[in-house]
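Chain identifiers are assigned alphabetically (A, B, ...) following the order of the sequence lines, protein sequences preceding nucleic acid strands; residue numbering begins at 1 within each chain. These numbers come from the heavy atoms of this one structure, side chains and all, not from hydrogens, waters or symmetry mates.
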Amino acid sequence: MNKKIIIRTLEKIALYMELKGENPFKVSAFRKAAQALELDQRSLDEIDDVTKLKGIGKGTGDVIIDLMENGKSSVLEELQEEVPKGLVPLMKLQGMGGKKIAKLYKELGIDSAESLKQACLDHQIQKLPGFGPKSEDKILKELMEFDSKPGRHPIWKTEEAVEFINGVLSEIKEVSEYSVAGSYRRTKETSKDLDFIVATAQPAVVKEQLLAALPIQETIASGDTKVSVTVEFQDPIDIDFRLVAPEEFVTALHHFTGSKDHNVKMRQLAKSQNKKISEYGVEQEDGTVATFASETDFYAHFGLPFIPPTVREDGRELDLLDDIPQLVELVDIQGDMHMHTTWSDGAHSLTEMIDACRAHNYNYMVITDHSEYLKVANGLTPERLLKQNAEIRELNKKYDDIEVLSGTEMDILPDGSLDFDDSVLEQLDFVIASIHSSFQQPQEQIMARLLTAMKNPHVDMIAHPTGRIVGQRGGYDPDMEQLLDWAKEYGKIVELNASPYRLDLAVEHLEMAQEKGVPVAINTDAHAIEQLDVMAIGVRHAQKAWLKKDNVVNTWPLEKLKEYLKK
DNA sequence: GCCGTTTTCGGCCCGACTGTTTTCAGTCG
């Protein structure tokens with residue numbers, strides 16, 4: 001039995017219990033059990049007694065045993081008989097939870113989105129105790145927009161909204177401090193909505209100016225301290241603003257940065273120290289409330305080091321405090337090993353890219369224009385590549401603050417062959433192999449192509465190994481376990497492409513790479529000098545996978561890197 | 001349903017907002 005299936009089943013049971021209107025603590029017990037399994041690195045076979053895990057007891061343990069022995073869960077089956085399947089999607093409706101849905105089912109026999117809609121039209125909903133005309137209108141409106149509302153927004157779309165709002169907030173003089181919070185601050189690759197913390201002594205004034213400055217489609221909530229709106233950018237996106245007093249800024253920022261799991265852990269820790277955390281401060285045993293000048297001070301108050309937002313996810317971070325100083329940071333990055341120039345499809349010349357990298361204080365950089373096959377990107381023929389190579393060698397002599405290495409981003413062709421001969425490749429300092437075509441091939445064929453690149457002794461790195469675009473396309477679906485095993489066997493580097501469009505490898509695959517001892521390079525794949533800045537996003541994405549700087553090759557000094565590439 | 005050197009029973013993170021109420025339940029983050 002697959003561990004993932006067990007985790008999903010426990011979560012499903014929790015969901016169905018919620019739809020039944022079950023005791024919320026019982027519901028969360030099943031979610032906690034699922035999480036306990038997920039956080040345990042061991043496979044199912046390696047765990048001899050699941051009930052020994054914290055959070056798994058008799059009830060949830062029996063479900064797991066039932067699943068392992070019979071391949072199904074009788075608990076879930078009974079729930080599914082009791083609770084109509086059509087209720088599940090109703091949980092996605094804004095303002096609807098298990099209790100309300102259970103009531104609708106019990107009182108009116110509503111068992112699907114369709115029957116709910118009809119009940120609204122017949123004005124049956126407002127007759128129910130606890131519901132009213134407003135609820136009925138809201139549900140109907142939500143149901144109409146059901147399919148058109150986008151789910152999660154990829155980071156490359158939200159970036160624009162964040163910059164715009166930062167601009168607005170910086171213009172309001174009553175705002176003393178502000179910051180984006182939530183999953184965006186944690187550098188999740190997608191966000192459901194955006195959260196901003198705004199410190200001000202005059203919340204009413206700020207609220208008014210803020211609402212006036214945004215292209216608001218709809219106001220979801222508008223209280224004294226919390227304003228929720230849907231704003232029209234490329235796509236409509238929900239934004240929460242929290243208006244807090246200046247002294248509360250840090251605790252509010254921490255609270256709304258989350259994650260939820262991180263906050264729960266922090267509050268439990270606080271409680272064990274007889275303190276109480278809320279967004280307004282930390283209440284001490286004597287009833288006084290402490291506030292802080294920085295998040296570093298906030299963590300120090302509990303005897304903790306600063307925990308970066310990127311790792312505030314599943315609660316693991318509080319058990320991995322010793323690993324935090326080893327995490328890769330932007331200041332550790334010594335060079336960028338993947339970028340394009342006007343020789344292929346880049347916007348800036350060789351010297352412009354070099355100067356931009358020098359401005360980033362890099363010690364080295366690699367020019368890696370596209371290869372011949374990629375005609376749309378003006379890929380280099382062997383002749384042009386060798387000419388560029390000579391030019392780079394010549395240019396490199398001019399700089400003593402940076403080493404400019406000569407490389408290529410070579411296509412792995414659909415038939416599995418490589419775009420350049422060994423006689424060409426051997427003249428270069430660094431060879432990237434990557435796939436830009438025939439994504440729809442079956443996995444065996446994709447893997448065969450990758451294997452050719454792996455086996456070529458001149459290839460140093462596989463770029464954007466899955467070809468995905470966050471929130472848009474899945475990529476070519478390689479067998480990642482196999483790919484990483486080969487990378488280990490043949491001594492290849494795998495890329496973390498830092499472009500917010502790609503973030504390829506994804507977090508779970510980066511974790512897998514580190515576990516297997518496969519080195520990672522964080523590169524921008526810049527096609528223009530501004531894009532060199534996405535290194536910061538790449539580094540934060542790497543932190544989410546707990547990548548240590550020693551496992552990131554472009555934190556290494558040039559000599560160490562050269563030594564490694566020789567092998 | 002899970003957990004426990006303060007507890008085998010009574011907690012389980014905490015607070016804002018809405019829409020329903022006339023003091024509060026449900027939902028959300």
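- When heavy atoms are screened at a 4.0 angstrom cut-off, A:N23 is found touching base atoms of the nucleic acid.
- Of all nucleotides in DNA chain B having an atom under 4.0 Å from a heavy atom of chain A, the first and last in 5' to 3' order are B:dG1 to B:dG29.
- Nucleotides B:dA25 and B:dT20 are separated by 9 Å at their C1' atoms, to the nearest Å.
- A salt bridge between A:R242 and A:E279 is absent, with no side-chain N of the basic residue lying under 4.0 Å from a carboxylate O of the acidic one.
- For B:dT6, the base is anti relative to its sugar; the glycosidic angle deviates from 0 by more than 90°.
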Identify all side-chain donor-acceptor contacts of residues 176-183 of chain A below 3.5 Å with residues at least two apart in sequence or on another chain.
residue : atom : partner : partner atom : Å
A:S176  : OG   : A:A199  : O            : 3.2
A:Y178  : OH   : A:N166  : O            : 3.3
A:S183  : OG   : A:S191  : OG           : 3.0

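- Across all strands shown, A:L53 has heavy atoms under 4.0 Å from sugar-phosphate atoms exclusively, and none from any base.
- Residue A:M266 is out of contact with every strand shown, counting any heavy-atom pair closer than 4.0 Å.
- The residue A:F256 sits apart from the nucleic acid: no heavy atom pair falls under 4.0 Å.
- Across the C1' atoms, B:dA16 and B:dG11 are found 23 Å apart, a figure rounded to whole Å.
- Nearer to the 5' terminus of DNA chain B, by closest-nucleotide assignment, is the contact made by A:K271 (compared with the other of A:D193 and A:K271).
- The pair A:E295-A:R185 meets the salt-bridge criterion, since a charged nitrogen lies less than 4.0 angstrom from a carboxylate oxygen.
- Mapped onto DNA chain B by nearest heavy atom, A:L128 and A:T51 fall at different nucleotides, with A:T51 at the one closer to the 5' end.
- Looking at heavy-atom distances under 4.0 Å, A:G182 makes no contact with the nucleic acid at all.
- With respect to A:K117 and A:E114, no salt bridge is recorded, no charged nitrogen being found less than 4.0 Å from a carboxylate O.
- As rounded to the nearest Å, B:dT27 and B:dT21 have P atoms that lie 15 Å from one another.
- Contacts of A:K100 with the nucleic acid, taken as non-hydrogen atoms under 4.0 Å apart, involve only primed sugar atoms and P, OP1 or OP2.
- With respect to A:E189 and A:R468, a salt bridge is recorded, a charged nitrogen being found less than 4.0 Å from a carboxylate O.
- Of the residues A:D504, A:V520, A:L510, the one that meets the side-chain contact (heavy atoms from CB on, under 4.5 Å) test with A:V494 is A:V520.
- For A:T200 (side chain) and A:E174 (main-chain N/O), a donor-acceptor pair under 3.5 Å exists by modelled atom type.
- Pairing of B:dT8, defined by two Watson-Crick or G-U wobble distances under 3.5 Å, is not identified with any nucleotide.
- Comparing B:dT5 with B:dC12, their P atoms are spaced 16 Å from each other, to the whole Å.
- Relative ring orientation between A:F306 and A:Y299 is described as perpendicular, the plane-to-plane angle rising above 60° on a 0-90° scale split at 30° and 60°.
- Nucleic acid contact class of A:K54 (heavy atoms, under 4.0 Å, all strands): sugar-phosphate only.
- If you check every strand for non-hydrogen atoms under 4.0 Å, A:K58 touches sugar and phosphate atoms only.
- In this structure, A:K275 reaches neither bases nor backbone, as no heavy-atom distance under 4.0 Å exists between it and the strands shown.
- Taking atom C1' in both B:dG29 and B:dC13, the straight-line distance is 12 Å, to the nearest Å.
- Within the 4.0 angstrom heavy-atom criterion, no nucleotide atom of any strand lies near A:I101.
- At the heavy-atom level, A:S228 lies nowhere under 4.0 Å from the strands shown.
- Separating the C1' atom of B:dT8 from that of B:dC2 is a span of 12 Å, rounded to the nearest Å.
- Here, B:dC28 and B:dT23 have their P atoms 26 Å apart, quoted to the whole Å.
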